[in-house]
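First the structure, in the form of structure tokens, and then the observations on it.
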Amino acid sequence: MLAAELLREGGVAHVPGAGTHHALPDRASGFCYLNDPVFAVLALRAQGARRVAYVDLDAHHGDGVELAFRDDPHTLVLSVHEEGRWPGTGALADRGAGQVWNLPVPRGFHDDDMARVLDHLILPVVEAFGPDAVVLQCGADGLLEDPQSGLALSNNAHAAAVAAIRPLSPRLLLLGGGGYNPWSVARCWTRLWGILAGERAPGTLPDSARAVLAGLRWMRRGSGRAIEPEMRWIDTLEDPPRGGLPSSEVRARLGMLRARLRVWQ
Ligand SMILES: [Zn+2]
């Protein structure tokens, strides 16, 4: 709500602690109590934004947000998420009132696949919708090191998405979301903050930042043992690129959504 107020005249707000996209109207769900992206969209509308685009890059489908706005032609809801993963919603064929776009992607989805999704789906769909505000949920659980998904992104994918989506509307509200490896979450969202602030990520982090990352502890589930971080999780913000051959599933599904976009425009 505060972020929406700050965006009344335009600009950018970043709320990394937000992005709880699974909460439902009558109950908590998926580690989410209140659905802050839904409240953010409603608050932006109350501030005068007529058309709001919600884009969700979390590894899980943003089911609570789609449910809230699936019948609202003034709210675009676009989600890229791992197929077969909880909560099991977000089918390719779901359209809502015509402005719901879902792209389920297979395990191993990497930076090069995401670059194609960005160029051939996210950017043209958001551009065609012409939003007054964009709410971008940048869950970090699609990163390779995250234990809650089978996706294989680097934080370069999230960085490229934020940089490309920023110019598409006068207001951008960037949210966090899922993310269960504390080092990859902290590095990803710090990097995104830097992009919005126009700061370049240093090649090697200064001692003060390295001390914060070195101080994190993450216990392996059920074992009682702490996970030993890789050195680059302590020393750097930028991941090495993680590309690969194009996924045939992603290519085929993109083709179907592109055909729909040509009719929709
Ligand atoms: Zn998630």
Side-chain angles (χ1 to χ4, degrees), residues 14-25 27-41 53-70 77-92 94 100-111 113-114 117-118 121-122 134-162 165 173-193 216 218 220-221 227 239 242 250 253:
H14 184 198
V15 192
T20 53
H21 58 167
H22 296 307
L24 298 170
R27 64 184 167 91
S29 180
F31 311 147
C32 303
Y33 180 50
L34 296 173
N35 199 313
D36 66 75
V38 169
F39 288 123
V41 170
Y54 173 77
V55 178
D56 189 319
L57 303 182
D58 195 280
H60 303 89
H61 175 234
D63 54 341
V65 184
E66 182 182 309
L67 181 69
F69 299 114
R70 56 176 296 113
V77 184
L78 189 159
S79 177
V80 180
H81 45 268
E82 185 179 354
E83 66 182 336
R85 181 71 54 186
W86 187 92
T89 50
L92 183 70
D94 290 350
V100 169
W101 298 77
N102 282 313
L103 178 61
V105 297
R107 288 178 69 82
F109 180 72
H110 51 63
D111 291 357
D113 283 332
M114 181 59 108
V117 170
L118 188 62
L121 180 70
I122 298 174
V134 172
V135 177
L136 175 57
Q137 200 268 23
C138 252
D141 46 11
L143 295 170
L144 178 70
E145 302 87 355
D146 195 280
Q148 293 277 5
S149 88
L151 306 187
L153 297 169
S154 78
N155 62 27
N156 297 293
H158 296 68
V162 167
I165 290 171
L173 173 54
L174 178 64
L175 309 178
Y180 306 93
N181 174 325
W183 291 282
S184 58
V185 170
R187 293 167 66 251
C188 182
W189 293 347
T190 302
R191 190 169 172 203
L192 299 186
W193 179 87
L216 296 173
W218 184 31
R220 195 179 298 279
R221 212 172 181 176
I227 290 175
D239 288 330
R242 293 182 191 130
V250 171
R253 292 167 197 170

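FYI, the numbering just counts along the sequence from 1. Just so you know, ligand 1 is whichever comes first in the structure, and atom 1 is the first atom listed for that ligand. Just the heavy atoms: all of them, side chains too, but no hydrogens, waters or symmetry mates, feed the values below.
- Residues forming a side-chain hydrogen bond (donor to acceptor under 3.5 Å, both in side chains) with R242 (at least two apart in sequence, or on another chain): E145.
- A donor-acceptor pair shorter than 3.5 Å cannot be found between the side chains of S149 and D141.
- When side chains are defined from C-beta on, F109 counts as touching M114, because their heavy atoms get closer than 4.5 Å.
- Look at D239 and R191 and you find no salt bridge, because none of the NZ, NE, NH1 or NH2 atoms lies under 4.0 Å from a carboxylate O.
- N102 and H61 are linked by a side-chain donor-acceptor pair at a separation below 3.5 angstrom, with hydrogens and angles left out of the test.
- Here the CG-CG distance, from N155 to L144, works out to 11.5 Å after rounding to the nearest 0.5 Å.
- For the Zn ion (ligand 1), the count of nearby protein N, O or S atoms, meaning those under 2.8 Å away, is 3.
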